[in-house]
Number of protein chains: 2
Amino acid sequence: MVEDNLDYKEYLKEHGLKSTKQRNLLLTLLHEASTFATAEDLYFKAKQADDTISLSTIYRILELFNKKNIINKTTLLEEAKAVFELKPIAHRHHLICLGCKKIIDIDHCPLESFEKKLEATTDFSIVDHKLELYGYCKECKNNIPKKS
Amino acid sequence: MVEDNLDYKEYLKEHGLKSTKQRNLLLTLLHEASTFATAEDLYFKAKQADDTISLSTIYRILELFNKKNIINKTTLLEEAKAVFELKPIAHRHHLICLGCKKIIDIDHCPLESFEKKLEATTDFSIVDHKLELYGYCKECKNNIPKKS
DNA sequence: ATCAGTGCAAAAGCTTTGCAGCGGT
DNA sequence: ACCGCTGCAAAGCTTTTGCACTGAT
């Protein structure tokens with residue numbers, strides 16, 4: 001996988017970004033990741049390929065990618081940490097298990113017509129929305145914790 | 001307003017919470033607030049009524065209210081700070097202007113039937129969702145900032 | 001009187017920044 | 001060779017925690 005690091009040279013150029021070892025590596029890791037990742041997650045994975053990479057570089061690159069609209073940055077539930085994912089080709093949402101934290105991708109977005117209606121009633125121009133669903137998966141349903 | 005601080009004594013008891021000056025004050029402020037507020041927002045407002053209240057008390061009370069399901073805690077967009085609001089009586093979402101940050105309450109939730117469908121296809125038991133919509137209001141539409 | 005609640009200060013966790021040196025074009 | 005990118009360490013900001021005191025029942 002490490003030899004693939006330069007695969008994204010053209011991709012980076014297309015987005016007006018200089019190609020560096022660290023940026024290529026991070027794009028590789030983001031492509032490999034199947035779920036949201038924190039900066040720290042990516043840092044530890046990155047270290048396996050490049051022992052000297054620093055966490056601040058991860059943060060700087062993620063901020064850059066976010067500005068260039070290559071990735072999504074968000075926060076899940078009430079977590080303090082931000083999480084990142086490659087911007088999916090199609091608009092998409094997530095269903096997250098509160099037990100085991102597994103994440104299911106949902107390709108269908110039920111909000112298109114709702115947004116149109118809202119635009120009409122509020123006179124807003126709606127550009128985006130954030131939708132995540134939370135529940136318990138088949139395996140975790142039977143172990144739903146009590147409120148404290 | 002300050003004299004109203006004890007109005008919530010019964011309310012607190014109902015939720016199994018001891019009534020204190022600080023908790024009453026915070027409930028007053030949360031009721032007065034028309035939008036999401038950060039811990040710091042509430043701290044500054046609280047100081048006007050009680051000069052010696054401390055920020056850690058605000059955090060502790062907010063955490064407590066959140067656990068007791070009296071308030072919602074969430075994060076908007078990519079902001080670092082958490083925001084809080086009294087849990088509205090009816091399930092509700094928000095439309096947020098990216099220009100002036102004004103927040104419009106949306107009473108209708110378009111997701112009920114969608115959740116049912118999802119439960120059937122994924123075998124999840126869905127307990128909650130987070131939906132916020134982002135756009136530009138009538139006044140801000142004409143000043144949409146360019147990407148950097 | 002008891003024990004939870006609070007204020008203060010310090011610590012912790014996530015993220016950003018200053019600076020000197022490295023590396024891509 | 002230039003100037004942006006990176007590593008390191010330090011700082012910044014939000015939130016949490018330890019401890020001694022206060023206050024509600």
Problem set entry | Residue from A:N72, A:N66, A:T75 passing side-chain contact (heavy atoms from CB on, under 4.5 Å) with B:E78 | A:N66
Exercise. Is it the case that B:H129 and B:H93 place a side-chain donor and acceptor less than 3.5 Å from each other?
Worked result: yes
Exercise. What is the distance, rounded to the nearest whole Å, between atom CG of A:D51 and atom P of D:dG7?
Worked result: 11 Å
Name the pairs: protein N/O against N/O of nucleotides 2-5 of chain D, kept only if under 3.5 Å.
| from | atom 1 | to | atom 2 | distance (Å) |
| --- | --- | --- | --- | --- |
| D:dC5 | OP1 | A:R23 | NH1 | 3.3 |
| D:dC5 | OP1 | A:R23 | NH2 | 3.1 |

Problem set entry | CA sep, side-chain torsions, deciding dist, call: A:E139, A:K102, salt bridge (Lys or Arg N to Asp or Glu O under 4.0 Å) | CA-CA 11 Å; A:E139 287 76 28; A:K102 117 184 24 145; 3.2 Å; yes
Problem set entry | Option passing side-chain contact (heavy atoms from CB on, under 4.5 Å) with B:I53 (candidates B:I58, B:L26, B:L42) | B:I58
Exercise. With distance as the sole criterion, is a donor-acceptor pair present between the side chains of A:T74 and A:K130 under 3.5 Å?
Worked result: yes
Any N/O pairs under 3.5 Å between the protein and nucleotides 16-20 of chain D? List them or say none.
| from | atom 1 | to | atom 2 | distance (Å) |
| --- | --- | --- | --- | --- |
| D:dG18 | O6 | B:R60 | NH1 | 3.4 |

Exercise. To the nearest Å, how far apart are B:N24 CG and D:dG23 P?
Worked result: 15 Å
Exercise. Roughly how many Å is it from CD1 in B:I58 to P in D:dT14, rounded to a whole number?
Worked result: 15 Å
Exercise. Do B:Y134 and B:E132 get their side chains close enough for a donor-acceptor pair, meaning under 3.5 Å?
Worked result: yes
Exercise. Given atom CG of B:L25 and atom P of D:dA24, what is their separation to the nearest angstrom?
Worked result: 14 Å
For this session: Search all heavy atoms of B:L25 against all heavy atoms of B:A46 and return the closest pair with its distance.
Result: CD2-O, 3.7 Å
Seminar exercise, completed: Its 5'-most and 3'-most nucleotides having an atom under 4.0 Å from a non-hydrogen atom of chain A, DNA chain C is contacted over C:dC14 to C:dT25
Problem set entry | Atom pair distance, as rounded to whole Å: CD1 in A:I53 and P in D:dC8 | 11 Å
Exercise. Quick one: B:K81 NZ to D:dT15 C1', roughly how many Å, whole number?
Worked result: 12 Å
Exercise. In terms of side-chain heavy atoms, does A:N69 have a donor or acceptor partner in A:K87 at a distance below 3.5 Å?
Worked result: yes
Problem set entry | is_close_aromatic(A:H15, A:F65), centroid dist under 6.0 Å | no
Seminar exercise, completed: Heavy-atom closest pair (A:G135 atom, A:L95 atom, distance to 0.1 Å) is N-CD1, 4.5 Å
Exercise. Can you find a side-chain donor-acceptor pair between B:N24 and B:S19 that sits under 3.5 Å?
Worked result: yes
